[in-house]
Amino acid sequence: MGGTFNPIHYGHLVAAEAARDAFNLDQVIFIPSGQPPHKAGLFVADPEHRYLMTFLAIVSNQHFEISRVEIDRAGPSYTSETLEYFYRMDPSVLWYFITGADAILDIVTWHQPDSIFRHAEFIAASRPGYSLSKIEALKSHLGADQLARIHPLEVPALAISSSQIRERLQQRLSIKYLVPEAVEHYIAKNRVYEALKA
Ligand code: NAP
């Protein structure tokens, strides 16, 4: 499960659990991105803060793990390199990369798209009301084999978004019940999004 997790929220957690159920996954490994590509000009909290918030959010689920692979790798966090890393760890495993459907819409612009499709299949988690025809529209850019490796998954809880949470923090509004309590406390204690309030 890849994401910037800026910050992680209940939508991400419900999406991960829904994917685990729907695709009968043994485990979901959360991979907070180190230096997210495509994020120039946006406020992205420090990678260690995003890693620790993600750790706090997943620690109570025995099927959830977290990886530092992108946090510890220098340079932009290219998914192609991450998927190659996991594939090499165990080529016998069928790896799925779970992320937001809107992120996957841009997959053709990602670094080394062919390598990406060689090493994993994709679960595109979408918000309610999201038109899956957007994924179908990728047909003009991807071959039928690649398109067949993208699996849409509607997750009503993804009505929560990280940008909505950052806006609420900026306006000093409550984020209770949108993120796990430990994450809420971590953000407050470490003033993670203080720069937004200036
Ligand atoms: P983003 O553009 O910030 O997010 C696009 C949409 O997807 C947002 O609505 C976002 O909601 C949602 N989303 C993101 N991660 C999600 C997740 N794990 N589960 C459900 N919804 C999710 O996306 P991003 O976080 O930067 O990138 C997503 C993943 O794609 C990351 O692992 C990133 O490294 C990878 N990526 C790779 C490349 C590349 O290799 N060149 C380029 C772009 C993205 P929230 O804001 O609420 O999360």
Side-chain angles (χ1 to χ4, degrees), residues 1-20 22-23 25 28-45 47 50-51 53-54 57-58 61 64-86 95-132 134-135 138 150-169 175 178-180 183 193 196:
M1 173 109 172
T4 307
F5 301 129
N6 183 36
I8 190 157
H9 53 68
Y10 276 126
H12 296 130
L13 297 170
V14 172
E17 191 69 354
R20 195 173 73 76
F23 293 84
L25 309 179
V28 178
I29 305 172
F30 285 70
I31 312 164
S33 48
Q35 291 179 33
H38 298 6
K39 288 276 171 193
L42 282 178
F43 179 80
V44 179
R50 292 184 290 104
Y51 174 83
M53 289 190 285
T54 306
I58 61 130
N61 187 323
F64 288 178
E65 294 289 337
I66 184 164
S67 167
R68 289 189 63 89
V69 64
E70 292 194 354
I71 300 277
D72 290 343
R73 196 169 66 218
S77 298
Y78 292 129
T79 301
S80 56
E81 293 176 9
T82 303
L83 293 179
E84 191 169 349
Y85 166 88
F86 282 105
W95 295 98
Y96 287 91
F97 187 73
I98 312 165
T99 196
D102 277 336
I104 287 189
L105 280 185
D106 290 333
I107 204 163
V108 285
T109 69
W110 292 9
H111 192 57
Q112 301 173 320
D114 288 339
S115 154
I116 288 181
F117 279 102
R118 263 200 309 278
H119 295 134
E121 302 210 1
F122 292 82
I123 299 175
S126 67
R127 305 202 142 88
Y130 186 90
S131 166
L132 293 177
K134 288 191 190 170
I135 301 263
L138 280 174
I150 301 180
H151 310 281
L153 179 71
E154 190 176 289
V155 183
L158 277 174
I160 303 172
S161 73
S162 298
S163 57
Q164 169 201 20
I165 291 168
R166 292 195 303 276
E167 272 165 35
R168 293 186 67 81
L169 288 164
I175 59 165
L178 298 174
V179 301
V183 173
Y193 293 98
L196 292 177

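Each ligand, and each atom within it, is numbered from 1 in the order the structure gives. Just so you know, these numbers come straight off a predicted model, no measurement behind them.
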Could you list which atoms of ligand 1 come closer than 4.0 Å to a heavy atom of [X]?
X: F97; result: 32 (O)
X: F5; result: 18 (N)
X: H111; result: 41 (N)
X: S161; result: 47 (O)
X: M1; result: 17 (C), 18 (N), 19 (N)
X: Y78; result: 40 (O), 41 (N)
X: S77; result: 34 (O)
X: G3; result: 15 (N), 25 (O), 31 (C), 32 (O)

Considering both backbone and side-chain atoms of [X], is one of its nitrogen or oxygen atoms within less than 3.5 Å of a nitrogen or oxygen in ligand 1?
X: S163; answer: no
X: T4; answer: yes
X: S162; answer: yes
X: R127; answer: yes
X: G2; answer: yes
X: H12; answer: yes

Quick check for you: to the nearest 0.5 Å, what is the distance between [X] atom [atom1] and [Y] atom [atom2]?
X: E121; Y: F23; atom1: CD; atom2: CZ; result: 8.5 Å
X: T82; Y: H119; atom1: OG1; atom2: NE2; result: 12.0 Å
X: F5; Y: M53; atom1: CZ; atom2: CE; result: 11.0 Å
X: F97; Y: L83; atom1: CZ; atom2: CG; result: 6.0 Å

Counting non-hydrogen protein atoms only, what is the nearest one to [atom]? Give residue, atom name and distance.
atom: atom 6 (C) of ligand 1; result: D102 CB, 3.9 Å
atom: atom 12 (C) of ligand 1; result: G100 CA, 3.8 Å
atom: atom 43 (C) of ligand 1; result: W110 NE1, 3.3 Å
atom: atom 1 (P) of ligand 1; result: K39 NZ, 3.5 Å
atom: atom 15 (N) of ligand 1; result: T99 OG1, 3.3 Å
atom: atom 37 (C) of ligand 1; result: T79 OG1, 3.0 Å

Report the member of A15, A18, P76, A103 with the shortest heavy-atom distance to atom 5 (C) of ligand 1.
A103
Backbone N/O of [Y] and side chain of [X]: donor-acceptor pair under 3.5 Å:
X: S77; Y: G34; answer: yes
X: R50; Y: I8; answer: no
X: T99; Y: G2; answer: yes
X: R73; Y: Y78; answer: yes
X: S67; Y: V69; answer: yes

What's the shortest heavy-atom distance between H12 and S162, and which atoms?
CE1-OG, 3.5 Å
If you compare all heavy atoms of A15 against all heavy atoms of M1, which two are closest, and at what distance to 0.1 Å?
CB-CE, 4.3 Å
Determine the interplanar angle of the W110 and F122 rings, folded into 0 to 90°, and report it as parallel if under 30°, tilted if 30 to 60°, perpendicular if over 60°.
perpendicular
Below 4.5 Å, heavy atoms only, C-beta onward: do E17 and L25 meet side chain to side chain?
no
May I ask you to establish whether R68 and Y51 are in a cation-pi arrangement, using a distance under 6.0 Å from NZ or CZ to the six-membered ring centre and at most 45° from the ring axis?
yes
Q164 to ligand 1, any heavy atom closer than 4.0 Å
no
Does H9 come within less than 4.0 angstrom of ligand 1, counting non-hydrogen atoms of the residue?
yes
